[in-house]
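Some notes on the structure that comes next.
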Number of protein chains: 2
Amino acid sequence: MIDIDVLLAWGAAYKKVSAGEIIFKEGQPCSFYYQLVTGKVKWVNIDDEGKNCIHAIVEPGESFGEFPLFDDGPFAATAVADEDSLIIRLHKPVFLQLMQDNPVIHFAFTQMLSKRLRYKFAVIKSFAAHCPEEMISTLLNQLKSEKKNFCGDCNQLNLTRQQIADMTGLRVETVIRTMRTMHEKGDLVISRGKVYCKDMIQRITA
Amino acid sequence: MIDIDVLLAWGAAYKKVSAGEIIFKEGQPCSFYYQLVTGKVKWVNIDDEGKNCIHAIVEPGESFGEFPLFDDGPFAATAVADEDSLIIRLHKPVFLQLMQDNPVIHFAFTQMLSKRLRYKFAVIKSFAAHCPEEMISTLLNQLKSEKKNFCGDCNQLNLTRQQIADMTGLRVETVIRTMRTMHEKGDLVISRGKVYCKDMIQRITA
DNA sequence: TTTCGAATATGACTTCACGCATAAAAACAC
DNA sequence: GTGTTTTTATGCGTGAAGTCATATTCGAAA
């Protein structure tokens, strides 16, 4: 999100993490700005019984774990490396100074938060509808519009049913069954287990 | 949220709305910054079948409907006056200029978005747990910590069960039954229909 | 005080996602 | 190729929230 050269100029440091490694834990106090350079990071709440609630699968260029930068609360979720990854991080006070000195970066950040919040509205709306189909299509629409978790050139989704379940709060079986129904209705295509989403009409989930 | 004198100095205008009146509708494009001065405003998604999903009950001083200010998308939800209210609004380009000229106001705004997003994380987490009790206590904790929708001096909640239902995606009956269970477990007190929440231990819903 | 509507409360029945079990099919390593 | 693990798939019983019906209580207004 923020240009890496800018971050480096302000004294940010790289950090390598290997697949499965925990970058930070929910509830911990912390004071870094984090941005993913390469690899993949899961931003997730892990339940007492080990159940996951994935808030986002972070891709290169995106920041994550920003809440503690703006209040003095703890991390809202745990960040786990999903693959070997490279992250860059900057101390909180330095980050805040950077924001203050760069209104353009600051504004872009505000825009990003607003966009995420807009998406969370859509998620909550579909949750409230108690309809698995709606939850899944809200997720897929969102990912599609962000061009995330899809094979760049084709329409193939590169998430497992389990990951979709963790991102929607549903169970794997429900996701599998619901997506099969959606396939039968022609809302998406499943071929040899892989999911292909046609370009969707942008709903007013806005 | 933004000082009224500042808003007025930048050319904001007051607008009176009566109870039940729609201030703006989900899906509409629009370009104002809105802030509530007096009264109460519901920020809500209204379903085809008339079912509500209340995102917030806005109290004086708070802004609402901000998303279109930062992207060119439409309103994410409908704003309805819950009582006769007075709002103040400012044209989008003027608002953006105000932000640019006032880094302190800009930063406060960013903080507010971050805080809301943090809360939405907690909501989604409790949604994913599929546990009515957790959803209700997440909501009550949040309102309590924001000192919203509670009688200022006492601990009495001034929301109907229906409103709680609309804010949690549950049905009225479920809310009534669940809250009664919570009362029996000592998590809250119900006396003559009114709900009283003791000061809660701040969970790490963070 | 009485009346009336809204909010709360409770019972009975239904439905649909859950959860477990188990099987089949890919994906991967060797 | 073979074997192993991961992912997808399907059946079935259970349970918890939804749904509908109906009291009952509360509060504001006449």
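Reminder, nothing fancy here: chain letters follow the sequence lines and each chain counts from 1.
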> Atom CE of B:M182 and atom C1' of C:dT8: how far apart are they, to the nearest Å?
Replying inline: 17 Å
> On DNA chain D, nearest-nucleotide positions of A:I176 versus A:H130: which is more 5'?
Replying inline: A:I176
> According to a strict under-4.0 Å criterion, is B:R161 in side-chain N/O contact with OP1 or OP2 of C:dA7?
Replying inline: no
> Within 45 degrees of the axis of the six-membered ring of A:F70 and under 6.0 Å from its centre: does B:K115 put its NZ or CZ there?
Replying inline: no
> With pairs taken as Watson-Crick or G-U wobble and both distances under 3.5 angstrom, which stems of at least three consecutive pairs involve DNA chain D?
Replying inline: C:1-30 with D:1-30
> Roughly how far, to the nearest 0.5 Å, is CD of A:E173 from CD of A:Q162?
Replying inline: 8.5 Å
>> Rounding to an integer number of Å, can you tell me how far A:Q162 CD sits from C:dG19 C1'?
In response: 13 Å
> Between the base of C:dC18 and the side chain of A:E173, is there a donor-acceptor distance below 3.5 Å?
Replying inline: no
> Reckon A:R177 touches a base, only the sugar-phosphate, or nothing at all at heavy-atom distances under 4.0 Å?
Replying inline: base
>> With nearest nucleotide decided by heavy atoms, which residue, B:I190 or A:K194, maps closer to the 5′ end of DNA chain C?
In response: B:I190
> Does B:K120 make a cation-pi contact with A:F121, if we ask for NZ or CZ under 6.0 Å from the ring centre and within 45° of the axis?
Replying inline: yes
> Hey, is NE2 on B:H91 packed in by over 12 heavy atoms from elsewhere, all under 6.0 Å?
Replying inline: no
> With a 6.0 Å cut-off on ring centres, are A:F32 and A:F24 close enough?
Replying inline: no
>> For A:I54, is there any backbone N or O sitting under 3.5 Å from a side-chain donor or acceptor partner on A:N52?
In response: no
> Whole-Å distance between C:dA7 C1' and B:N158 CG?
Replying inline: 15 Å
> Just how far, in rounded Å, is P of C:dG11 from CZ of B:R171?
Replying inline: 21 Å
>> If I take atom CG in residue B:L170 and atom C1' in nucleotide C:dA17, what distance separates them, rounded to the nearest angstrom?
In response: 15 Å
> Is a side-chain donor or acceptor of B:H130 paired with a backbone partner of A:G169 at a separation under 3.5 angstrom?
Replying inline: yes
> Contact boundaries of DNA chain D with chain B (under 4.0 Å, heavy atoms), 5' to 3'?
Replying inline: D:dA17 to D:dG27
>> Both conditions, 6.0 Å and 45 degrees, for the charged tip of B:K144 above the ring of B:F150: are they met here?
In response: yes
> Is A:R116 salt-bridged to A:E62, going by a charged N under 4.0 Å from an acidic O?
Replying inline: no
